[in-house]
J.: 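Structure below; questions to follow.
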Amino acid sequence: MTDVLFPPVGDVDAEGVLATWFVRDGERVNEGALIAEVAVDKVDLELTAPATGVIHLLAGEGDVRRRGAVIARIE
């Protein structure tokens, strides 16, 4: 199992918003595929899958998360 983390940007306590998921819960993803977009300090960042497998979403669009928070898992 591989955790998908909110990107480590800004300072230790930095927060951001999970703007968009480009995948659905239970969908198969390939390593390196675009899976989400997050907004941090007025900057949008694209997240790619760190592994290949089935993704399980743990955060929803619009959720605020701190850097390093687990937002999904890939099995």
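None of the values given here were measured: they were computed from a predicted structure.
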J.: Please tell me whether L5 and V43 are part of a single hydrophobic cluster in this structure, the criterion being side-chain heavy atoms less than 4.5 Å apart.
T.: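 L5 and V43: separate clusters.
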J.: If every non-hydrogen atom of A36 is compared with every non-hydrogen atom of L18, which pair is closest and at what distance?
T.: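 Closest pair (atom of A36, atom of L18, distance): CB-CD1, 4.1 Å.
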J.: Considering all heavy atoms of both residues, which atom of A72 and which atom of W21 are nearest to each other, and what is their separation?
T.: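 Nearest heavy atoms, A72 then W21: CB-CH2, 3.8 Å.
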J.: If the condition is side-chain hydrogen bond (donor to acceptor under 3.5 Å, both in side chains), which residues does R73 pass it with, not counting sequence neighbours?
T.: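 side-chain hydrogen bond (donor to acceptor under 3.5 Å, both in side chains) check on R73 returns D3.
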J.: Side-chain contact test, heavy atoms from C-beta onward, threshold under 4.5 Å: evaluate it for F6 versus R66 and give yes or no.
T.: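 Not in contact.
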J.: Roughly how far, to the nearest 0.5 Å, is the CD atom of E15 from the CG atom of D63?
T.: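 The CG atom of D63 sits 11.5 Å away from the CD atom of E15.
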J.: To the nearest 0.5 Å, what is the distance between CD1 on I35 and CD1 on I71?
T.: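 Spacing of CD1 (I35) from CD1 (I71) equals 6.5 Å.
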J.: Side-chain contact test, heavy atoms from C-beta onward, threshold under 4.5 Å: evaluate it for L58 versus V4 and give yes or no.
T.: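 Sidechains of V4 and L58: no contact.
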J.: Got a list of side-chain donor-acceptor pairs under 3.5 Å for residues 47-55, not counting sequence neighbours?
T.:
unit_1, atom_1, unit_2, atom_2, d
T52, OG1, E31, N, 2.9

J.: Which ILVMFWY residues are connected to F22, directly or by a chain of links, through side-chain heavy atoms under 4.5 Å apart?
T.: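 Reading the cluster by chain and number, F22 sits alongside L34.
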J.: For residues V17 and V64, determine if any side-chain heavy atom of one lies less than 4.5 Å from a side-chain heavy atom of the other.
T.: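 A side-chain contact under 4.5 Å exists here.
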J.: Check whether any side-chain heavy atom of E37 sits under 4.5 Å from a side-chain heavy atom of L45, and report yes or no.
T.: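 No. Closest side-chain heavy atoms not under 4.5 Å.
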